[in-house]
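Remarks on the structure that follows.
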Amino acid sequence: MAKGKGKATKTPRGAIKRSGKPSDDPELDSYEPEPLFYDKEEKMLASLVFLGSASLYIFTMYPGLPGGDSGELMSTAKDFGVSHPPGYPLFTTMAAIMINLFPIGSCAWKLNLMSSTIAGITNMMMFINVKRFSGSDAAGVLAAGWCGFSRVFWMWSIQGEVFSLSNLFIMVIMYAAWRFTNAEGRNGKYYEAKLGAFLCGLSLTNQHTSVLYIFPTALWVLYTMFKYDLAETHTLFQVGLRGLAGLSPYLQLPISSIFFKARVTWGDHRLFSDFKKHLLREDFGTFRLVSSTEQSTLIDNFMVYFNDSRNELTIAAWILFVVGMAIALIWGSSKQKETMLVYMAMFGTYHIVFDSLANIKNPSGIFHGVLERFWLQPSLALCCIAGCGVGMVIEFLKSKAQCPALKYLFLSLAVLAIGYQVQHNYEDCNENDNHYFWHYSRHILDELPKQTILLTSGDFSTNTFRYHTIGEEYRTDVMVMDMQFMQAYWFYIMLMPVNFPDVSFPGLYKPGLDSTYPFYNLKKFLDENLTKYPVYMCVAVPEAENSIAGHYEGWPFGMCQKFIRVSDNVDPLEYVTTIPVINLEVYPLPDLDRYESETWEYTMAMSMLETYTKPSVWLWNRANSVNDHTLKIKYYETAMEMMVKNRKHVFDMMEKGLVSQNVIYYISPMEKNLGHLALILYSFTNGADKEKGTYWQEECKKYWSNYVEWHRDSVIGKDSMWGTITSVIGMDDFSSLQLIK
């Protein structure tokens, strides 16, 4: 079994001496920290783990902008701003250095490269942890590769996000715990306690969930310090001081607010109240994932994790996890037992606390994607513990067989297992040709007129536009305004003077009719600015925002909407000819055979497909309020023509192989709407024009038959029109059919 390698040397500066005199035992007075690598062979294997995994991550990483928070993190770091709570100051600082000093590539490419490299280091630390604990090279390689090339770990390793750095710190904390256990003598414990405190503090400057690993570790370290007669004021102060030093990157928040005029930043951290609010994520709730009152239970969340990890890592990983704990606690050395108990406490504390507080109930779609990234940290511990158990078994078999070749046999088996994991997840994780987010935001920005105000809200749209206008300095004339930011006082202090000096903000934004000074609503904002700038919104109008009714309307404009003054009497039939339609040959649709509902690519695809029906449905709804009979028919016919044209474009792309065949499932609501429009147009024939009536009757049956065939499995019992639709399909004559409103 592996043992610590602390050595007796001359007493170093800062060493502890009992009663001011050296002890009879030199280990109590001197300590030489063990090296990261024991020998050349271990260094070579660790380097291969790093280089092999990092190379594959870099090969498969996003070539540009990913989805989610990446766009915000990139645009924030470029100007050394403050990211969303809790701020991620260490990541921001590293990203700012990478963006501004690394000589090649876009901002997005640079940060994707940084995350991929950090993920490779994480795998190397997994190897070192397992090798130290068990002595087995093969088990270390297996644990690093099996976890490192699981789907979720791989996906979050190849994009510019905070999770790669968080994962690295989990491995570093576990390694620091092993070092502390194996440190010899009082000075050994003291040295490792100080080092561990600094690393733990540093980890908290990236992601708060690290505290769930730190808390049980800190309790154990304090207990051990008491046991070794180290719990003195001076020693505890020195350990605490190292922890505070680790937290020093949080100075980035006030430094950014005082000295930098960042174009994207959260909060005014010149004020301690803002700093504390940001640090503790008070707007969301500490350890809460979304600002919602919904609550799920510990058992619910743990079962979600169990099912997800069983799919990602296989049930074998769970079996080896249990076996690893049992072997270490029953047959391990005292130090292995102690270390294993700490690892178990880390894993258990994370689940007890996080699973109790994570407030996403019955996660599905994109919310499941939000939750699964927080399973990375416990999965690292799970794989590490499983690897430790495997390693102890391997070392036992090697000691019994006394056959040097077994070492290489087990290494070969580990590499084969990793090869299977890579092959199994490669297609899902290879994003090296994923330009979807870049195309998506570029298409929208390209269609907007000059000097446009673009109102946004939420991660998906806001962050992609921020990246282009700030990260790539593209269409800087488009003024991207986050409506969530506009409700915060610091928006007007920190961002308005830098980004929007000529835009009128009559107070503090508050949606609704009751917005009186010092507040303003959307109507007042449009009153002040629509005469100076065109105003678009790339998000739904907030539910509480009813102030514009009767004054302004949001008319569809591609994937956005354009605000029109009601009194301008713009002709809807002329307006629809100006609506941009996304060309799927130029701006490809994400592959719906590959991207599932928890991905941002899926969300984007749904947004893109919606643009093919939105203008027609909008014109259809306006037709319902038109009194002129001829004009009403013209509205319905135009709505039908537009939707048929857009439908043809999608099917042409399917024939060219540019859109997956299963897209018909997602556009099936278009078939329902087309059938409904055909039925309405049939009703206007009044039996007088039999030829036209027959045409619309056949069109209705054709589209509704498609709808039933394509959407049968998911709408039976859900669609209120299902019974009517199926009965209409079987009719030979519609003359007695009452129009469906």
Side-chain angles (χ1 to χ4, degrees), residues 57 60-78 83-84 88 91 95 106-116 119 151-164 166 264 289-290 360 363-374 376 428-445 454 456-472 474 480 482 484 538-539 559-560 582 587-611 666:
Y57 292 148
T60 57
M61 74 182 189
Y62 284 82
L65 177 66
D69 293 331
S70 294
E72 180 217 331
L73 294 166
M74 294 167 184
S75 52
T76 299
K78 185 172 184 181
S83 297
H84 64 276
Y88 310 103
F91 180 89
S106 66
C107 291
W109 186 85
K110 291 174 184 179
L111 292 203
N112 297 340
L113 176 67
M114 185 178 83
S115 288
S116 297
R151 183 187 63 85
V152 176
F153 189 96
W154 194 340
M155 283 302 304
W156 289 104
S157 297
I158 58 176
Q159 51 188 294
E161 261 278 13
V162 299
F163 297 102
S164 278
S166 298
V264 178
L289 298 183
V290 292
I360 297 181
S364 60
I366 197 65
F367 287 107
H368 183 262
V370 170
L371 189 59
E372 71 176 2
R373 70 190 75 168
F374 289 93
L376 290 168
D428 287 338
C429 297
N430 182 14
E431 301 292 351
N432 62 19
D433 62 347
N434 185 336
H435 299 275
Y436 297 124
F437 298 99
W438 191 93
H439 284 304
Y440 171 86
S441 46
R442 278 291 173 103
H443 166 73
I444 294 173
L445 290 172
L454 180 59
T456 65
S457 184
D459 296 340
F460 177 57
S461 59
T462 305
N463 294 339
T464 55
F465 300 136
R466 278 176 179 158
Y467 172 74
H468 278 287
T469 57
I470 295 174
E472 295 196 358
Y474 182 79
V480 181
D482 188 331
Q484 180 184 355
C538 200
V539 67
M559 284 177 274
C560 300
I582 190 165
Y587 303 101
L589 187 77
D591 185 357
L592 291 169
D593 287 329
R594 174 182 175 186
Y595 296 107
E596 298 183 356
S597 60
E598 60 263 26
T599 65
W600 287 113
E601 284 83 357
Y602 176 91
T603 302
M604 182 200 308
M606 294 301 101
S607 175
M608 292 170 70
L609 290 174
E610 189 181 41
T611 65
Y666 299 98

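Along the sequence shown, the residues carry numbers beginning at 1.
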side-chain contact (heavy atoms from CB on, under 4.5 Å) partners for [X], two or more places apart:
X: S164; answer: S115, I118, A119, S157
X: S106; answer: A108, W109, Y467, E472
X: H368; answer: V304, D308, P363, E372, E598
X: D433; answer: none

Determine, using ring centers only, whether F374 and F163 are less than 6.0 Å apart. yes
Do you know which two heavy atoms are closest between [X] and [Y], and how far apart they sit?
X: E596; Y: Y602; result: O-CB, 3.1 Å
X: C538; Y: I444; result: SG-CD1, 4.0 Å
X: S83; Y: Y88; result: CB-CD1, 4.2 Å
X: S457; Y: V539; result: O-CG2, 3.8 Å
X: I470; Y: S75; result: CG2-O, 3.8 Å

Within the 4.5 Å heavy-atom criterion, are W600 and T464 side-chain neighbours or not? no
Heavy-atom side-chain proximity of V370 to D459 below 4.5 angstrom: no
What distance do [X] atom [atom1] and [Y] atom [atom2] have between them, rounded to the nearest 0.5 Å?
X: N432; Y: N112; atom1: CG; atom2: CG; answer: 12.0 Å
X: H443; Y: I582; atom1: NE2; atom2: CD1; answer: 4.5 Å
X: Y595; Y: T603; atom1: OH; atom2: OG1; answer: 12.5 Å
X: T462; Y: F465; atom1: OG1; atom2: CZ; answer: 8.0 Å
X: N430; Y: M155; atom1: CG; atom2: CE; answer: 10.0 Å
X: Q159; Y: F437; atom1: CD; atom2: CZ; answer: 8.0 Å

Could you tell me if R442 sits above the aromatic ring of Y474, with its cationic atom closer than 6.0 Å to the ring centre and no more than 45 degrees from the axis? yes
Hits for salt bridge (Lys or Arg N to Asp or Glu O under 4.0 Å) against E431, two or more places apart or cross-chain, chain-then-number order -> R594
Verify, without hydrogens or angle tests, whether K78 (side chain) and C107 (backbone) share a donor-acceptor contact under 3.5 angstrom. no
Using the ring of each side chain (for Trp, its six-membered ring), is F460 parallel, tilted or perpendicular to Y440, with breaks at 30° and 60°? tilted
Exercise answer: donor-acceptor pairs, residues 60-74 side-chain atoms, under 3.5 Å, sequence neighbours excluded:
residue	atom	partner	partner atom	Å
T60	OG1	L56	O	2.8
T60	OG1	Y57	O	3.3
T60	OG1	W154	NE1	3.0
Y62	OH	E601	OE2	2.9
S70	OG	G160	O	3.2
E72	OE1	H84	ND1	2.8
E72	OE2	H84	N	2.8
E72	OE2	H84	ND1	3.3
E72	OE2	W266	NE1	3.2

